[in-house]
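Contents: one structure, followed by commentary.
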Amino acid sequence: MREARDAARALGIEVARYKLAAFTISAAYAALAGSLFVHVVEFVSPEVFGLHMVVLAFTMLYVGGIGTIGGPILGAVIVSLLPEIFRGFKEYQDLLYGAGLIALLIYAPKGLAGLGSLMSRGGKA
């Protein structure tokens, strides 16, 4: 459905119905995550989800690989560990972190999950 809505419609799939179902399920997961977050933090404020949080979330998605199930999980683990790995470099920490992310986007544009699928096919595109 994501790639060819017209083809899915031609096969008799009710695209609008499935899109609504996907939106509803994702909203339920977001509501559950938000309620658990508030329960743990015991504080609600829109400043918690500022620009830094958005950039961090998108970094996790791109590092892991968009469009995969395990990619964002892998990206979250790696992006969470990178500041600790680069901590010993003190003044070059941000530079190394940025250079690593840029290199990943250049050499693995589909993220690490896409790189893994490329390796499993033997490097054939």
### Message
Looking at every non-hydrogen atom in both residues, tell me the closest pair between Ile78 and Leu112 and how far apart they are.
### Response
CD1-CD1, 3.1 Å
### Query
If you take all heavy atoms of Val63 and Gly75, which pair is closest and at what distance?
CG1-CA, 4.1 Å
### Task
Would you mind listing every side chain to side chain donor-acceptor pair (under 3.5 Å) that reaches into residues 6-21, with sequence neighbours excluded?
Asp6-Arg9
### Message
Does anything in residues 29-45 form a side chain to side chain donor-acceptor pair (under 3.5 Å)? List the pairs, not counting sequence neighbours.
### Response
Ser45-Glu47
### Message
Can you list everything that forms a ring pair (Phe, Tyr, Trp, His ring centres under 6.0 Å) with Phe37? Sequence neighbours excluded, please.
### Response
Phe49
### Message
Can you pull out every salt bridge (charged side-chain N to carboxylate O under 4.0 Å, His left out) where at least one residue sits in residues 89-103? Sequence neighbours excluded, please.
### Response
none
### Sequence neighbours excluded, every pair satisfying salt bridge (charged side-chain N to carboxylate O under 4.0 Å, His left out) that has a member inside residues 70-86
Glu84-Arg87
Which residues share a side-chain contact (heavy atoms from CB on, under 4.5 Å) with [X], sequence neighbours left out:
X: Ala99; result: none
X: Thr68; result: Pro72, Ala113
X: Ala76; result: Met60

#### Entry: Residues clustering with Leu105 (ILVMFWY side chains joined when closer than 4.5 Å, directly or via others)
Val54, Phe58, Leu61, Tyr62, Ile66
### Query
Is Ile106 isolated, or which residues cluster with it under the ILVMFWY side-chain rule of less than 4.5 Å, directly or via members?
Ile102, Tyr107
### Common cluster, Leu82/Ile73, ILVMFWY with side-chain heavy-atom separation under 4.5 Å
no
### Query
Out of curiosity, does Leu36 fall in the hydrophobic cluster containing Val40 (side-chain heavy atoms, cut-off under 4.5 Å, transitive links)?
no
### Query
Residues in side-chain hydrogen bond (donor to acceptor under 3.5 Å, both in side chains) with Glu3, at least two apart?
none
Run the side-chain donor-acceptor check on residues 20-27: report pairs under 3.5 Å with partners two or more places apart or on a different chain.
residue : atom : partner : partner atom : Å
Thr24   : OG1  : Leu20   : O            : 2.8
Ser26   : OG   : Ala22   : O            : 3.2
Ser26   : OG   : Phe23   : O            : 2.9

### Task
Output, in order, the C-alpha distance, side-chain angles, deciding distance and verdict of side-chain contact (heavy atoms from CB on, under 4.5 Å) for Ile85 and Tyr97.
CA-CA 10 Å; Ile85 292 170; Tyr97 186 73; over 6 Å; no
### Query
Does CD1 in Ile69 sit with more than 12 non-hydrogen atoms of other residues, nucleotides or ligands closer than 6.0 Å?
no
